[in-house]
Participant: 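Let me give you the structure first, and then I'll get to my questions.
Chain letters run A, B, ... following the sequence lines, proteins first, then strands; residues in each count from 1.
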Amino acid sequence: MAELPDKSEHFIDWYLEAVEVAGLTDKRYPVKGMNVWTPYGFQARRLLDGLMIQGIEASGSRAVEFPTLIPQTEFQKEKEHVKGFDAEVFWVTRGGATPLDIPLVLRPTSETAMYPIFAIWIRSHKDLPLNVYQIVNVFRYETKTTRPFLRIREVHFFEEHTCQLTDEAAAARCRSNLATFQGIADALALPFVATRRPEWDKFPGAYYSIALDLPVGGARTLQVGTVHHYRENFSRPYEIRYEDLRGEMQYVHQTTFGLSERLLGATVAFHGDRRGVVFPSSIAPYQVVIVPIVSQNSGPIAVDAARALADRLRSRNVRVYVDDSEERPGAKYYLWESRGVPLRIEVGPREAAAGTVTAVNRLGEKKGLGPGSLDDSILQALADYDKALAARARVAFQKSFSVAYRLEELKDSSTVRLVSWCGTEACGHQIEQAIEGAVLGVPEGPLPIDPGAPAECISCGKAHETRWVLAGRPL
RNA sequence: GGGUCUGUGGGGUAGCUUGGUCCAUCCUUCGGGGUUCGGGACUCCGAGACGCCAGUUCAAAUCUGGCCAGACCCA
């Protein structure tokens with residue numbers, strides 16, 4: 001087996017192979033864009049779900065689950081929304097041989113499934129805010145080339161939907177969601193930028209959309225999440241109203257927050273290297289793999305030591321696997337490296353006798369541990385690994401942005417670009433054409449790099465009321 | 001949406017133009033044996049595929065049609 005393709009030169013080839021060798025999905029399922037989750041990949045996904053659940057519930061949201069099928073009549077109530085999704089929904093038109101009176105849509109997202117029910121649930125201002133989320137599969141008839149975790153037709157989707165009393169409360173919920181996402185991203189050691197998407201690229205039906213993007217090498221970016229402020233755009237057609245203190249009916253202000261297994265793809269894409277996947281310990285299916293080194297004459301001492309150590313680590317909630325298969329040690333090292341295991345522990349016969357081990361983390365740092373407080377040292381090594389991974393990620397992140405002052409500079413961008421923009425759609429499209437990508441949007445909060453005050457618009461040269469905007473090439 | 005092309009064991013391929021020693025080949029994968037074992041071992045035995053359905057033919061991986069799946073290019 002050779003090394004993976006060069007990540008910076010052939011990113012997509014590298015990505016596909018990294019996912020393949022790690023065994024996260026089986027792409028042989030005979031429907032385009034629908035892959036099988038393997039036990040290893042599913043475990044990573046479940047851990048990722050756990051991060052989302054923990055984060056969102058800490059911010060006062062509760063889990064619900066709505067049905068998969070949506071009647072066409074409900075689906076069509078918000079005009080922009082239908083227009084945005086019409087081309088990519090799967091339809092259910094028959095029950096057995098009987099044509100359905102009202103065709104059903106396989107949800108591409110759940111606004112139109114939830115909101116008729118929200119209208120029933122919400123009567124009074126006392127019913128607000130309503131903060132609920134669900135983690136379910138949604139379906140989109142993707143026509144472009146599909147890629148595991150990144151562009152798929154059956155999406156494992158996290159969606160929070162909230163109803164708020166006021167516009168300001170909804171904006172506050174959006175900010176709260178960004179803080180929640182920050183926590184999730186931190187756990188994954190993924191730096192990101194939040195930008196307000198330009199008008200022409202916001203979610204169909206939204207008042208505004210804040211997208212969460214990751215730079216993944218060159219000018220490439222990966223959108224891993226969105227927070228939308230809907231204002232009353234949905235509550236009016238779906239008649240979600242409450243009676244306020246004065247006894248008047250008011251429409252609720254709504255928000256949504258969406259994430260998916262793209263975050264898993266992003267973790268692979270961002271941290272991975274020539275040997276394959278690199279997992280942060282938060283979602284690593286195995287945080288520690290122990291490889292006992294056995295030779296013909298040494299007997300079971302190394303395996304016994306490995307198993308005893310594994311039991312002790314498990315009792316401290318470490319996910320650990322003892323690889324006592326018949327493979328040679330070298331083959332095991334490569335295998336577990338490609339699968340992204342944060343920490344490998346080697347135990348040879350002599351070490352077993354002495355109560356020591358050799359620890360090698362996924363960043364290649366190697367050291368001997370023990371005999372004193374061995375278990376603590378291993379936990380410490382795991383924590384150190386996560387810190388080192390995050391530090392490495394921050395460095396890569398800093399290098400992923402640069403300022404461009406002229407449209408011609410955009411063509412050969414080797415980073416995501418920060419450009420000054422007048423805010424008009426015409427100039428926005430000029431920028432998109434020049435970079436052969438997209439205007440991501442105006443950053444929310446601090447910029448990844450400090451470019452000073454905005455200059456004149458990179459496209460039309462207008463000097464007043466310009467702002468910095470990020471442009472890149474979304475995957 | 002329009003066009004071009006592709007489909008051969010688990011993965012990657014040759015063969016197809018001109019139908020016939022092709023129970024197809026190489027690299028791997030899987031099962032079993034032996035020698036090994038601190039960075040991708042060697043060796044022996046064995047298993048496993050011509051996308052699906054029709055048609056043409058003495059004979060189809062190869063030709064024809066339909067279907068399914070996928071890739072690339074353009075709008």
Participant: Taking atom C1' in both U36(B) and G20(B), what distance in whole Å separates the two?
Facilitator: 48 Å

Participant: Please report the distance separating the C1' of G7(B) from the corresponding atom of C16(B), rounded so that it comes out in whole Å.
Facilitator: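 Taking atom C1' in both G7(B) and C16(B), they lie 13 Å apart.
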
Participant: Determine the sole option in Tyr141(A), Phe139(A), Phe90(A), Phe75(A) for which the side-chain contact (heavy atoms from CB on, under 4.5 Å) test with Pro108(A) is passed.
Facilitator: Phe75(A)

Participant: Could you measure between the two C1' atoms, the one in A41(B) and the one in A59(B), and give it in whole Å?
Facilitator: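 Those two atoms are separated by 47 Å.
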
Participant: Distance check, C1' atoms only: C22(B) and G11(B), in whole angstrom units.
Facilitator: 22 Å

Participant: When rounded to the nearest Å, what value does the distance between P atoms of A14(B) and G32(B) take?
Facilitator: 33 Å

Participant: Sticking with atom P, work out how far A24(B) lies from C50(B), rounded to a whole angstrom.
Facilitator: 11 Å

Participant: Hey, does Val31(A) reach any base, or is it just sugar-phosphate, or nothing, if we go heavy atoms under 4.0 Å?
Facilitator: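 Val31(A): backbone/sugar contact only, no base atoms under 4.0 Å.
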
Participant: Considering only atom P, compute the distance from A61(B) to U21(B) and round it to an integer number of Å.
Facilitator: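 A61(B) and U21(B) have their P atoms separated by 10 Å.
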
Participant: Do the rings of Phe234(A) and Tyr115(A) sit parallel, tilted or perpendicular, given the 30° and 60° boundaries?
Facilitator: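 Perpendicular.
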
Participant: Can you tell me how far P of A71(B) sits from CG of Asp13(A), to the nearest Å?
Facilitator: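 The answer, rounded to whole Å, is 13 Å.
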
Participant: May I ask you to decide if Gly41(A)'s main-chain N or O and Thr38(A)'s side chain share a donor-acceptor pair within less than 3.5 Å?
Facilitator: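 Between the backbone of Gly41(A) and the side chain of Thr38(A) there is a qualifying donor-acceptor contact (under 3.5 Å).
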
Participant: For Tyr385(A) versus Phe279(A), what's the shortest heavy-atom pair and its separation?
Facilitator: OH-O, 2.7 Å

Participant: Using atom NZ of Lys27(A) as one end and atom C1' of A69(B) as the other, report the distance to the nearest whole Å.
Facilitator: 14 Å

Participant: Locate the shortest heavy-atom distance separating Phe157(A) from Leu259(A); write the atom from each residue and the value.
Facilitator: CD1-O, 3.2 Å

Participant: Nucleotide by nucleotide, 5' to 3', does protein get under 4.0 Å of the base (B), only the sugar-phosphate (S), or neither (-) in nucleotides 34-39 of chain B, counting heavy atoms?
Facilitator: --BSBB

Participant: Report the stems of RNA chain B as range-with-range entries sorted by first number; a stem here is at least three consecutive pairs, Watson-Crick or G-U wobble, both distances under 3.5 Å, and write none if there are none.
Facilitator: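 Looking at RNA chain B, the stems formed by three or more consecutive pairs are B:1-7 with B:68-74, B:10-12 with B:26-28, B:29-35 with B:41-47, B:51-55 with B:63-67.
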
Participant: Find the distance Arg147(A):CZ to A71(B):C1' and express it as a whole number of Å.
Facilitator: 10 Å

Participant: May I ask you to check whether Phe397(A) and Phe270(A) place their ring centres under 6.0 Å from each other?
Facilitator: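 Phe270(A) vs Phe397(A): aromatic centres not under 6.0 Å.
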
Participant: Please state how far atom CD1 in Ile12(A) lies from atom P in A71(B), giving the value in whole angstrom units.
Facilitator: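 Roughly 12 Å, once rounded to whole Å.
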
Participant: By nearest nucleotide on RNA chain B, pick out whichever of Lys144(A) and Tyr141(A) is the more 5' one.
Facilitator: Tyr141(A)

Participant: Taking the six-membered ring for Trp, are Phe257(A) and Phe158(A) ring centroids under 6.0 Å apart?
Facilitator: yes

Participant: CG/Asp101(A) to CD/Gln72(A) distance, rounded to the nearest 0.5 angstrom?
Facilitator: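 Between atom CG of Asp101(A) and atom CD of Gln72(A) there are 11.5 Å.
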
Participant: If you measure from the P atom in G65(B) to the same atom in U4(B), how many Å do you get, rounded?
Facilitator: 14 Å

Participant: Over how many whole Å does the gap from Arg28(A) atom CZ to U8(B) atom P extend?
Facilitator: 13 Å

Participant: Would you give me the side-chain donor-acceptor pairs under 3.5 Å for residues 288-304 of chain A, sequence neighbours excluded?
Facilitator:
| residue | atom | partner | partner atom | Å |
| --- | --- | --- | --- | --- |
| Ser298(A) | OG | Ser295(A) | N | 3.3 |
| Ser298(A) | OG | Ser295(A) | O | 3.1 |

Participant: Between Tyr207(A) and Tyr230(A) (judged by ring centroids, cut-off 6.0 Å), do the two rings come close enough to count as a pair?
Facilitator: no

Participant: Expressed as a whole number of angstroms, how long is the span from Leu16(A):CG to G12(B):C1'?
Facilitator: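 Result: 15 Å.
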
